[in-house]
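Numbered from 1 within each chain, the chains take letters A, B, ... in sequence-line order. Heavy-atom basis, side chains included; hydrogens, waters and symmetry copies ignored.
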There are 2 protein chains.
Amino acid sequence: MLKRKPSLTEQAKTYIKQRIQNDEYDGARIPSETELAFQLGVSRTTIRDALSRLQIEGVIYRKQGAGTFVNKATLQIKSRLEEIWCYENVLEDHGYVPSTRILGMRRERPDLEQSITLGMEESEELLIVEKLFLANDRPVILTVNQIPVKIFERPFVVEDLHAPVFQFLQDFSRRRLSYYVSEIVPSTVSGALSEALGLEAQTPLISFEETGYDEEHEPILLARSYFRDDLLRFRLIRREVV
Amino acid sequence: MLKRKPSLTEQAKTYIKQRIQNDEYDGARIPSETELAFQLGVSRTTIRDALSRLQIEGVIYRKQGAGTFVNKATLQIKSRLEEIWCYENVLEDHGYVPSTRILGMRRERPDLEQSITLGMEESEELLIVEKLFLANDRPVILTVNQIPVKIFERPFVVEDLHAPVFQFLQDFSRRRLSYYVSEIVPSTVSGALSEALGLEAQTPLISFEETGYDEEHEPILLARSYFRDDLLRFRLIRREVV
DNA sequence: TAGTGGTCTAGACCACAAA
DNA sequence: TTGTGGTCTAGACCACTAG
């Protein structure tokens with residue numbers, strides 16, 4: 001019934017997820033693992049693997065002895081904090097048309113903290129990019145990215161910076177962005193920031209202080225992002241342990 | 001080598017995690033799955049299951065063809081936002097001695113929004129609890145919990161409110177808190193809040209607006225929490241999809 | 001090429017929930 | 001009691017990495 005490549009598990013996951021999104025399992029109950037295995041002609045282990053991944057995503061939950069169910073509560077959650085990867089998608093999920101504007105690009109020597117965090121020599125330079133994200137042409141997110149110049153292996157122009165950071169790094173450097181460790185910091189807008197985001201001074205807002213790592217778990221970028229929370233809300237699900 | 005109950009997977013996970021924390025796998029490389037299976041006298045599937053859970057927790061990462069490695073970058077992260085379950089533990093993780101003070105407890109009629117979110121009748125009442133968390137006797141977190149009175153099945157006194165909410169609900173109601181959906185909201189302190197947390201007015205801070213659900217995915221509590229971010233920082237790991 | 005993690009199978013038994 | 005998900009086994013082959 002299914003073919004190899006992508007993996008059977010991946011295909012099974014997609015199959016089930018689509019049926020959930022099409023509301024084909026009305027009443028929230030999903031067929032049993034044995035039944036699904038028979039339907040797709042794969043082993044129960046493969047189905048269990050697919051369901052486990054959907055469970056991690058929060059799409060379904062299981063009750064021993066009872067069955068597997070669609071998680072209606074979390075189905076509507078748009079931007080789950082842990083899953084935010086590129087802001088364009090977040091804005092789309094909120095129903096906005098995203099666009100970007102490059103406010104500034106320059107090279108600078110890192111300060112002590114930056115050079116330590118990023119493992120740079122003093123003589124190296126940082127590329128600093130200030131980028132504004134707009135939702136339906138209204139400013140919502142301002143990001144400042146700081147990337148060691150030495151990781152680039154191809155030249156680029158300002159227009160290339162409109163692409164999502166991970167895309168930009170993939171295209172012009174030899175390192176790939178794998179994950180961020182983000183710290184949530186409260187602040188208030190002031191000066192240039194209030195102008196860029198179109199907010200009155202002293203408005204409270206949320207910012208992320210982030211370090212981006214590559215697949216080798218080496219830090220490759222520092223970022224600071226500021227959000228207009230009246231246009232954008234972040235949600236997350238908090239559970240007991242794991 | 002291992003006995004049943006708790007599950008072999010759970011025991012294997014604990015075994016590996018402890019060895020990681022004791023730094024017994026210096027150089028970051030963990031024995032191969034086959035090797036671990038042999039050492040513990042279980043099947044490779046069991047080991048893989050244990051490792052998968054550790055991977056989800058961010059403790060290890062795997063590279064096909066190369067091996068399994070300790071994730072040094074995330075090992076130091078204290079309060080991962082997704083895993084926050086009770087604030088006492090968060091404070092302990094930060095190295096503080098936690099304590100609590102009940103600032104207020106009263107019953108009120110819910111407003112329209114509250115009654116809709118919690119599925120209450122207009123005639124029902126809400127229990128409202130204001131609780132202050134202290135770290136080494138300094139105020140750090142203020143929470144306001146709102147719980148429908150009808151879910152309680154045993155009487156309680158003010159002292160019982162010092163227990164973590166999930167514990168309190170478990171002991172005195174017939175519903176169990178299963179997870180929160182939290183929204184992150186920026187705000188500034190004012191009035192009673194600034195007094196309780198010992199902050200100057202207008203200091204920016206982070207708050208959570210939360211809805212707590214039971215195991216049946218029915219909402220059972222509303223909460224609002226405010227944090228002093230100079231004493232407490234929240235971190236999270238953001239990855240691509242899942 | 002050898003060894004690692006990734007995928008997959010077929011089958012077994014257990015724990016739990018609902019009828 | 002029946003059927004569900006939870007755990008576990010033994011073994012197979014594939015995809016990838018490193019020496």
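The phosphate of C:dC8 has OP1 or OP2 within less than 4.0 Å of a side-chain N or O from A:T9. Contact annotation: B:T68 reaches the phosphate of C:dG5 (side-chain N/O to OP1 or OP2, under 4.0 Å). Distances shown here put every side-chain N or O of B:R29 at or beyond 4.0 Å from the OP1 or OP2 atom of C:dG3.
We find that CD of A:E35 is positioned 16 Å from C1' of D:dT2, with the value rounded to whole Å. Counting to the nearest Å, the C1' atom of D:dT4 and the CZ atom of A:R44 are 8 Å from each other. To the nearest angstrom, P of C:dG6 lies 10 Å from CZ of A:R53. Protein atom NZ of A:K63 is 16 Å distant from nucleotide atom C1' of D:dG3, rounded to whole Å. Rounded to whole Å, atom P of D:dC16 lies 17 Å from atom CZ of B:F69. One atom, CD of A:E33, and another, C1' of D:dT7, lie 12 Å apart when rounded to the nearest Å. Atoms CG (A:L51) and C1' (D:dT7) sit 16 Å apart, rounded to a whole Å. Rounded to whole Å, atom C1' of D:dG6 lies 15 Å from atom CD of B:Q11.
The residue A:T45 sits close to a base: some heavy atom pair falls under 4.0 Å.
The side chain to side chain contact (heavy atoms under 4.5 Å, CB included) search around B:E24 returns B:R19, B:N22, not counting sequence neighbours. Residues that satisfy the side chain to side chain contact (heavy atoms under 4.5 Å, CB included) test with A:E153, not counting sequence neighbours, are A:R174.
A:Y87 and A:S225 are linked by a side-chain donor-acceptor pair at a separation below 3.5 angstrom, with hydrogens and angles left out of the test.
Across the interface with DNA chain C, nearest-nucleotide mapping of A:A66 and B:R62 shows B:R62 to be the residue nearer the 5′ end. Looking at which nucleotide of DNA chain D each of A:R48 and A:G65 is closest to, the 5′-most match is held by A:G65.
Direction of the helix axis in the helix from C:dT1-D:dA18 to C:dA18-D:dT1 shifts by 10° between the two five-pair termini, rounded to 10°.
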I would like to know whether A:E124 and A:R107 meet salt bridge (Lys or Arg N to Asp or Glu O under 4.0 Å); could you show each step before the answer?
CA-CA 10 Å; A:E124 292 176 41; A:R107 287 156 174 254; over 6 Å; no
Passes salt bridge (Lys or Arg N to Asp or Glu O under 4.0 Å), B:E57 versus B:K13? Steps please.
CA-CA 11 Å; B:E57 289 183 32; B:K13 185 184 143 187; 2.7 Å; yes
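Residue B:T46 places its side chain closer to D:dT9 than to any other of D:dT4, D:dT9, C:dT9.
Of the options A:F166, A:Y180, A:Y179, a ring-ring contact (aromatic ring centres under 6.0 Å, His included) to A:Y213 is made by A:Y179 and by none of the others. For the side-chain contact (heavy atoms from CB on, under 4.5 Å) with A:E209, the qualifying choice from A:I184, A:V181, A:V185, A:L222 is A:V185, the only one to do so.
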